[in-house]
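Chain letters run A, B, ... following the sequence lines, proteins first and then strands; every chain starts at 1. Not measured: the values here are computed from a predicted model.
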Protein chains: 2
Amino acid sequence: MAETAAPDQAPDETDPKRPEAPQDGEPLWRDALGECLRDLRHDRGEKLTDTAGRAGISPQYLSEIERGMKDPSSEMIAAVAGALELTLTDLTVAVAERLRSVQFTASVAAYVHRSAYALAA
Amino acid sequence: MAETAAPDQAPDETDPKRPEAPQDGEPLWRDALGECLRDLRHDRGEKLTDTAGRAGISPQYLSEIERGMKDPSSEMIAAVAGALELTLTDLTVAVAERLRSVQFTASVAAYVHRSAYALAA
DNA sequence: CTCCCGTTCTGCTCAGGGCGAAACGTCCTG
DNA sequence: CAGGACGTTTCGCCCTGAGCAGAACGGGAG
């Protein structure tokens with residue numbers, strides 16, 4: 001994937017070395033996906049190496065996916081989902097729900113932050 | 001994206017020339033995403049070239065994304081979502097909902113098909 | 001200490017992302 | 001009818017980054 005034509009509307013979260021913390025606004029797809037996959041794996045009490053093995057990918061690569069450092073192909077997404085005994089639908093729904101709750105949490109945090117600022121002023 | 005390590009669990013929908021029709025089971029992420037993006041764009045009554053222009057990508061590429069022929073990078077996904085005045089959350093939710101309804105439709109179709117088979121027998 | 005796990009680093013190959021040019025299909029107008 | 005405009009798809013290409021293997025590192029537990 002070439003980043004030659006970096007779109008202007010893209011958030012400034014293009015540094016793959018940075019943690020996937022949602023900054024002002026939205027994370028990138030790979031961040032959201034990766035976090036969700038890691039949570040789902042943890043929910044199953046599974047080791048990264050086991051899941052990677054079942055998905056047919058390298059542990060290093062699964063680690064990178066989970067940390068939002070790579071944009072996996074659709075086939076890879078399907079493989080990892082399959083290794084977690086999920087369908088793409090399950091996975092997408094889980095990502096969507098996480099994004100929703102993160103959004104809500106961010107809204108609350110922003111509100112609290114504004115209140116604190118008002119009190120300080 | 002190398003497909004050197006083609007995972008065994010991947011569906012056989014690796015031929016990018018094929019339409020994104022969900023076959024037995026789940027579509028790939030890029031198919032689901034593309035369909036959803038095209039629907040969202042149509043819902044807004046927008047032309048492909050306008051959306052592509054606002055997203056800062058070529059019209060040809062947006063066409064390919066919509067037809068599930070490419071796995072766009074996270075930044076591209078964000079750019080197209082932005083051009084449609086959506087957040088990643090909005091988009092992921094929309095994809096998830098579409099996947100759910102397709103799954104439901106597929107289940108109904110399978111049930112009807114089984115009933116028809118029982119009647120024929 | 002060893003063992004296990006997860007992560008990072010390094011270096012590598014080559015597939016495909018993303019593009020520009022060209023082609024195609026559809027619709028409208030003279 | 002031909003020609004033009006518009007939207008979309010196809011084709012060919014460059015070069016970036018996906019995905020890998022091997023090695024090393026850091027942390028925790030026994």
Report the C-alpha distance between L28(B) and L88(A) in whole Å, list the side-chain angles of each, state the deciding distance to 0.1 Å, and finish with yes or no for side-chain contact (heavy atoms from CB on, under 4.5 Å). CA-CA 7 Å; L28(B) 291 172; L88(A) 179 69; 5.7 Å; no
Under 4.0 angstrom between R30(A) side-chain N/O and dA18(D) OP1 or OP2: no
Could you state the atom-to-atom distance from CD1 of I65(A) to P of dT7(C) in whole Å? 12 Å
Expressed in angstrom and rounded to an integer, what is the separation of I57(B) atom CD1 from dG20(C) atom P? 11 Å
Keeping D71(B) on the side-chain end and S73(A) on the backbone end, is there a donor-acceptor pair under 3.5 Å? no
Which residue pairs pass the ring-ring contact (aromatic ring centres under 6.0 Å, His included) test when at least one of the two sits in residues 27-46 of chain A, sequence neighbours left out? W29(A)-W29(B)
One pair to check against side-chain contact (heavy atoms from CB on, under 4.5 Å): I65(B) and I77(B). What are the steps and the verdict? CA-CA 9 Å; I65(B) 290 172; I77(B) 294 174; over 6 Å; no
May I have the distance from L37(B) (atom CG) to dT8(D) (atom P), rounded to whole angstrom? 14 Å
Would you tabulate the nitrogen or oxygen pairs shorter than 3.5 Å linking the protein to nucleotides 23-27 of chain D?
none

Taking atom P of dG16(C) as reference, at what distance in whole Å does atom CE of M76(B) sit? 17 Å
Distance in angstrom units between D71(A) CG and dG17(C) P, rounded: 10 Å
List for me each residue that meets side-chain contact (heavy atoms from CB on, under 4.5 Å) alongside D50(A), sequence neighbours excluded, and say none if there are none. E46(A), K47(A), R54(A)
dA15(C) P sits how many Å from K70(B) NZ, rounded? 14 Å
Pairwise side-chain contact, L33(A) with P72(A), heavy-atom cut-off 4.5 Å (strictly under): yes
Salt bridge R41(A)-E66(A), side-chain N to carboxylate O under 4.0 Å: yes
Quickly work out the E64(B) CD to dG16(C) C1' distance and round it to whole Å. 10 Å
Partner residues of Q60(A) under the side-chain contact (heavy atoms from CB on, under 4.5 Å) criterion, sequence neighbours left out: S58(A)
Would R30(A) and E75(B) pass as an ion pair if we require N to O under 4.0 Å? yes
Quick one: W29(A) CH2 to dG17(C) P, roughly how many Å, whole number? 16 Å
Please enumerate all protein N or O atoms sitting under 3.5 Å from an N or O of nucleotides 2-6 of chain C, with distances to 0.1 Å.
| residue | atom | partner | partner atom | Å |
| --- | --- | --- | --- | --- |
| dC5(C) | OP1 | K47(A) | NZ | 2.4 |
| dG6(C) | OP1 | L48(A) | N | 3.2 |
| dG6(C) | OP2 | L48(A) | N | 3.3 |

